[in-house]
Amino acid sequence: KPECKKCIKALQELENIDDEADQLDIGFVKIHDEDLAEEYNLGPLPKLVYYRHQTPIVYEHELQREEDVLEWLVENKATGDDDDVIEEVNAKTLKTLIQNIDNLVVLFFDDEDEESESVLQELENIDDDCAKHGIQFVRIDDPKVSKEYGIDEVPAIVYFEKQIPNVYDDDLSDEEEILEWLLSQLEKDEIEDVTDEMLDKLIKEGKSIAVLFYDNNDKKSEKVLNELENIDDECDQLGINFVKMDDIEEAKDYGVTKFPKLVYFEQGIPTVYEGSLEQEEDVLEWLERQTSSDEIEDVTDEMLDMIIEKMQHVAVLFYDKDSKTSQKVLAELENIDDECDQNDIAFVKIDDDNEAKEWGIEELPTMILFERGIPHIYEGDLLKEEELLGWLVHQKRHSEIPEITDEMKDKLMQMYDHVAIIFYDKDDKQDIRVLNELENIDDELEKEEIVIARLDNAEEAREYGLDHLPALVYFENEIPAIYEGDLMNEEEVLEWLKLQKYSATIEEVTDEILQDLIEDHEYVCVYFSGACEEGEKCDKILDDLENIDDELDEAGIIFVTTEDMVTAKKYNIKNIPSLVFFRNKDPLIFSGDLNDEDEVLAWLTDEETLEIPGKIEEVNIKMLEKILSENEHIVVFFYHDDDKKAQKIIAELENIDDECEEKDIDFVKTSDDDIDKEYDLENLPALVFYRNKFRTIYTGDMMKEEEILEWVLEQYNTKPEIIESVDRKTLQVLVNEVEHLAVLFYDDDCETCPKILEKLETIDDDTDKHHIQFVKANDEKLAHEIGIFSFPALVYYETGVPIMYDGNLKNEKRILQWLIDHKRRYDIKQKYGLTRERVPVVFSDPEEEARQALLLAEARARSGVPERSILRPSTVVPGSPHSLSTRLGNAPPSASTAKEEDSKSKPHESCSF
């Protein structure tokens with residue numbers, strides 16, 4: 001830019017190398033166009049960009065050192081002279097290319113991965129051919145960008161046509177096949193398939209998108225798809241990107257439960273097509289109307305939740321379509337819909353009384369702006385649209401502490417782990433002064449990912465024992481802590497909130513909060529300190545107890561402290577300070593040394609302390625995991641808290657709790673949210689017997705406690721199977737905890753499975769001797785998710801990393817040797833410190849991948865290519881859990897070469913379900 005001194009100085013230096021650039025046949029020009037620079041994502045100016053075969057390469061160093069610049073140009077020219085080189089780009093450049101090039105191929109790769117390097121070399125052979133047909137080829141080594149596009153494993157190829165991505169899912173080592181596929185994309189008039197991440201990205205970028213949610217196995221979906229392919233070009237001309245998605249779970253996020261279904265997105269706002277999808281002309285006419293319509297879109301409650309979750313700024317008018325006032329307001333607000341679009345604010349309306357009540361909205365119409373999911377209530381005149389527009393733009397540009405309702409507070413705590421609420425009186429001048437001070441730390445709290453809001457509700461404040469306002473309460477996972485300091489000192493408040501988030505602190509609570517905690521949670525430990533000043537004995541004890549707060553949190557025990565004495569008197573607690581453990585509301589007083597935090601920890605986590613005589617203990621999910629990992633025999637009753645039948649069953653089960661205890665069988669119950677999904681249970685209530693984490697589900701009448709007791713004792717006395725059977729949850733635990741694990745996947749319909757199982761049971765003792773645990777899994781769905789479609793199949797997990805056995809499963813001796821060889825190689829690596837850190841494994845349910853892989857397997861079978869499953873771990877960021885991505889590969893090696901192939905294989909760094 002002309003007024004930029006740094007730019008002028010850089011230009012003067014670069015004039016000195018203009019002649020040399022000419023000699024290199026490099027055209028050297030300058031341009032003053034800030035809009036163009038912004039379009040190319042160049043950041044602060046000046047910037048030097050070298051274009052090689054239309055691909056921009058940005059110079060990132062000091063522009064005033066012309067000799068370095070010339071050397072860089074020479075290097076790039078020399079590289080560019082090699083026509084077979086696929087250009088490497090960064091994230092910014094890739095974004096620019098996608099936006100500006102109609103036909104772009106991107107290789108997502110890992111520079112340190114041998115397979116990536118091999119694929120890259122093959123693809124260099126077709127780079128020129130792609131260029132001849134107007135297809136530009138680039139590569140990028142950036143895990144974050146890969147993740148944005150739903151690429152779970154590299155290398156991977158994605159073809160972008162007019163910004164719409166299409167993933168190549170065949171053999172990456174066959175460059176001729178890839179070239180044929182790319183050229184076919186130029187000729188085809190297909191609606192592109194996208195991943196959920198790709199769709200989210202397109203929606204967030206505010207593009208006009210028509211999405212067909214379909215089921216690949218549904219004939220009606222197939223018919224509709226064929227019809228809609230005919231209007232793909234017309235949609236392009238309208239500026240509408242037409243894509244399709246075969247993902248049931250993702251569809252549910254958009255309120256789609258029946259297939260096929262067409263949803264149009266504009267500026268991130270969805271509109272559902274309600275007509276016949278088999279009439280493509282009607283669909284096209286409807287889409288054309290959507291592009292020209294200037295109405296505020298009506299949304300359902302599911303769509304509203306989705307928009308709030310996915311869009312940064314969403315203005316929502318809650319209204320009543322039968323109300324004249326609402327209709328009048330709506331007519332005015334239609335005038336500012338375009339201006340909201342220009343300011344990247346999604347504008348929608350919803351006519352749903354129940355949804356309004358969920359947000360605490362009592363009067364309609366009401367306007368709420370959601371900023372990253374945080375609601376801001378507009379309190380002005382909705383008939384003055386210009387004032388409302390000014391408010392919306394101001395809220396977007398300037399961070400302010402939002403005013404919320406009680407219901408909004410509850411929703412925020414469900415959405416975010418760290419929430420700070422200021423209870424105040426908006427008519428009190430001192431309260432307003434406090435708010436003005438705390439506005440100064442709003443930005444810092446946003447960086448720390450702590451949500452802060454204000455609530456003018458004295459009655460709600462009293463529920464937390466807050467009699468004097470203003471007051472600040474911090475909620476971490478819905479557990480409250482009250483700030484006792486000076487609210488006018490915003491720096492002190494900021495430090496306190498950061499301390500609450502990042503350090504182990506025992507929250508101080510009021511009697512009202514304490515009563516709610518005891519009522520709502522299974523295990524609550526309370527330190528009754530009484531009136532306690534800094535430096536006193538009670539304060540020193542509290543400091544020491546802070547050292548065990550993390551351990552108790554991991555065990556699922558809430559630890560709080562209080563100076564209030566109402567609850568202490570209620571439970572006849574006379575000696576202060578005192579430590580009381582509430583187990584399902586039943587109190588137990590600690591009689592040991594409060595100065596010895598290790599003794600306190602041992603007492604709180606001891607099984608005898610956790611047990612309540614004559615009752616089946618209610619445990620949370622953390623406590624259940626701990627119990628299952630530490631005990632040999634456990635009976636667990638899974639149920640829904642609001643199920644009346646389950647309460648009757650519990651009453652029956654209480655009668656056999658003592659008999660189970662006599663056999664050293666622990667009996668617990670749990671009703672945590674989504675516990676059925678976590679433990680892979682089809683229906684609740686469910687009664688499950690666990691032996692060393694291996695489960696058996698009771699199938700009889702749960703109202704007959706005598707039969708249940710007989711079943712439990714039978715399970716207890718039955719000798720375990722030689723090779724234990726595991727379910728999904730148990731397998732996840734074993735993969736995460738056992739260093740060397742062999743899993744045989746089998747199926748009831750498999751004729752050869754029983755004989756193979758019988759043979760493998762002969763080597764179970766041998767695998768035990770070598771510290772390799774052997775289990776079996778009869779879970780077809782789980783097998784499909786990890787790429788196994790033919791049974792039986794053997795997978796060996798080495799510190800969580802799966803390795804597929806490709807040999808003859810009828811040869812148990814060879815299998816044993818294969819497992820021992822893997823274990824021996826690992827032991828050698830471990831001895832010399834060459835093993836890698838384990839990455840946690842988490843289960844997912846990628847139905848899309850399973851279906852696609854099955855279709856591919858069938859296609860291979862039809863074409864005469866033998867089927868084979870290959871488990872390929874995804875590339876991961878160290879220290880974070882990931883989902884296992886799978887792909888079907890080529891035919892397996894013969895039994896005679898299995899051992900040889902295995903000796904060449906190297907375990908990947910990490911892998912997960």
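Numbers for residues simply follow the sequence, beginning at 1.
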**Q** Out of D337, V314, L369, which one pairs with I345 under the side chain to side chain contact (heavy atoms under 4.5 Å, CB included) rule?
**A**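 Of all the options given, the one that passes is L369.
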**Q** How about Y464 and I421: do any of their side-chain heavy atoms sit closer than 4.5 Å?
**A**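 No; the side chains remain at least 4.5 Å from each other.
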**Q** Nearest 0.5 Å, what's the CZ-NZ distance between F108 and K147?
**A**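 Separation between the atoms: 14.5 Å.
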**Q** Would you name the heavy atoms of M367 and L333 that are closest together and state the gap between them?
**A**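 Reported closest heavy-atom pair: CE-CD1, 4.0 Å.
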**Q** To the nearest 0.5 angstrom, please state how far the CG atom of L364 sits from the OG1 atom of T366.
**A**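 OG1 of T366 is found 6.0 Å from CG of L364.
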**Q** Atom CG in N440, atom CD1 in I401: separation rounded to 0.5 Å?
**A**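 It is 9.0 Å, given to the nearest 0.5 Å.
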**Q** Check the pair D425, D456 against side chain to side chain contact (heavy atoms under 4.5 Å, CB included), reporting the backbone distance first and the verdict last.
**A** CA-CA 5 Å; D425 179 354; D456 175 24; 4.2 Å; yes
**Q** Nearest 0.5 angstrom please: I479 CD1 to Q500 CD, how far?
**A**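 If we round to the nearest 0.5 Å, I479:CD1 and Q500:CD are 13.0 Å apart.
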**Q** Salt-bridge test for E403 and K426: reply yes if a basic N is under 4.0 Å from a carboxylate O, no otherwise.
**A**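 A salt bridge is absent here (no side-chain N lies under 4.0 Å from a carboxylate O).
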**Q** Can you see which heavy atom on E492 is nearest to which on D486, and at what distance?
**A**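 Smallest interatomic distance, heavy atoms only, reads OE2-N, 3.6 Å.
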**Q** Any side-chain donor paired with an acceptor under 3.5 Å for E371 and H376?
**A**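 Yes, because at least one side-chain N or O of E371 sits under 3.5 Å from a partner of the opposite role on H376.
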**Q** Examine distances only and state if a side-chain atom of K501 and a backbone atom of E448 form a donor-acceptor pair shorter than 3.5 Å.
**A**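 Yes, because the side chain of K501 sits within donor-acceptor range (under 3.5 Å) of the backbone of E448.
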**Q** Under the side chain to side chain contact (heavy atoms under 4.5 Å, CB included) rule, what do Y378 and L388 come out as? Steps first, then yes or no, please.
**A** CA-CA 8 Å; Y378 180 64; L388 171 60; 3.7 Å; yes
**Q** List the steps and the verdict of side chain to side chain contact (heavy atoms under 4.5 Å, CB included) for I377 and I404.
**A** CA-CA 7 Å; I377 303 172; I404 60 170; 5.5 Å; no
**Q** Taking the side chain as every heavy atom from C-beta outward, state whether E437 and M488 have any atom pair closer than 4.5 Å.
**A**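 A side-chain contact exists here, since the closest heavy-atom pair is under 4.5 Å.
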**Q** Quick one, E400 and Q395 - any side-chain contact, counting heavy atoms below 4.5 Å?
**A**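 Result yes, sub-4.5 Å side-chain heavy-atom pair found.
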**Q** Between the side chains of Y264 and E297, does any donor sit under 3.5 Å from an acceptor?
**A**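 No, no side-chain donor-acceptor contact under 3.5 Å.
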**Q** Check whether any side-chain heavy atom of L94 sits under 4.5 Å from a side-chain heavy atom of D142, and report yes or no.
**A**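 No, every pair of side-chain atoms sits at 4.5 Å or beyond.
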**Q** Does the side chain of Y273 pick up a donor-acceptor pair with the side chain of Q290 at under 3.5 Å?
**A**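 No pair is found: no donor N or O on one side chain lies under 3.5 Å from an acceptor on the other.
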**Q** Restricting to non-hydrogen atoms, name the atom on A346 and the atom on M311 that form the minimum distance, rounded to 0.1 Å.
**A**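 Heavy atoms only, the tightest pair is CB-CE, 4.3 Å.
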**Q** Check the pair R462, D467 against side chain to side chain contact (heavy atoms under 4.5 Å, CB included), reporting the backbone distance first and the verdict last.
**A** CA-CA 6 Å; R462 279 193 289 274; D467 298 319; 4.2 Å; yes
**Q** Could you check whether any side-chain heavy atom of K321 comes within less than 4.5 Å of a side-chain heavy atom of D298, counting everything from C-beta outward?
**A**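 In short, these two side chains do not touch, never coming nearer than 4.5 Å.
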**Q** Do NZ/NE/NH1/NH2 and the carboxylate oxygens of E285 and R289 come within less than 4.0 Å?
**A**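 Yes, E285 and R289 are salt-bridged.
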**Q** For V434, run the side chain to side chain contact (heavy atoms under 4.5 Å, CB included) check against L438, D431, I432, N436 and tell me which one passes.
**A**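 Answer after filtering L438, D431, I432, N436: L438.
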**Q** Using a 6.0 Å cut-off, check whether atom NE2 of H394 has over 12 heavy atoms from anything other than its own residue.
**A**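 Enclosed.
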**Q** Using a strict cut-off of less than 4.0 Å between a Lys/Arg side-chain nitrogen and an Asp/Glu carboxylate oxygen, indicate whether E495 and K498 qualify as a salt bridge.
**A**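 Judged by the 4.0 Å cut-off on N to carboxylate O distance, E495 and K498 do form a salt bridge.
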**Q** Do you know the tightest heavy-atom contact between A453 and L412?
**A**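 Closest approach of A453 to L412, heavy atoms only: CB-CD1, 4.3 Å.
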**Q** With no hydrogens and no angle check, do the side chains of E355 and W359 hold a donor and an acceptor under 3.5 Å apart?
**A**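 Per modelled atom types, E355 and W359 side chains form a pair under 3.5 Å.
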**Q** D218 and S221: side-chain donor and acceptor closer than 3.5 Å?
**A**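 Distance-only check passes for D218 and S221.
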**Q** Could you measure the distance from the CG atom of L472 to the CZ atom of F423? Nearest 0.5 Å is fine.
**A**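 Answer for the CG-CZ pair, L472 versus F423, is 9.5 Å.
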**Q** Do you know which two heavy atoms are closest between A481 and W496, and how far apart they sit?
**A**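 Nearest pair, atom of A481 first, then W496: O-CH2, 3.7 Å.
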**Q** How close do Y416 and G373 get, counting heavy atoms only, and between which atoms?
**A**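 In terms of heavy atoms, the two residues are closest at OH-CA, 3.8 Å.
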**Q** Taking side chain as C-beta onward, heavy atoms only, is H418 less than 4.5 Å from Y474?
**A**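 Yes, at least one pair of side-chain atoms sits under 4.5 Å.
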**Q** Answer whether the closest heavy-atom distance between the side chains of Q312 and D344 falls below 4.5 Å.
**A**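 With C-beta onward as the side chain, the pair stays apart.
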**Q** What's the separation between atom CG in L330 and atom CG in D320, rounded to the nearest 0.5 Å?
**A**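 Spacing of CG (L330) from CG (D320) equals 11.5 Å.
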**Q** Is there a side-chain contact between F347 and E334 in this structure, where contact means two heavy atoms from C-beta onward sitting under 4.5 Å apart?
**A**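 Side chain of F347 against side chain of E334, heavy atoms only: no contact under 4.5 Å found.
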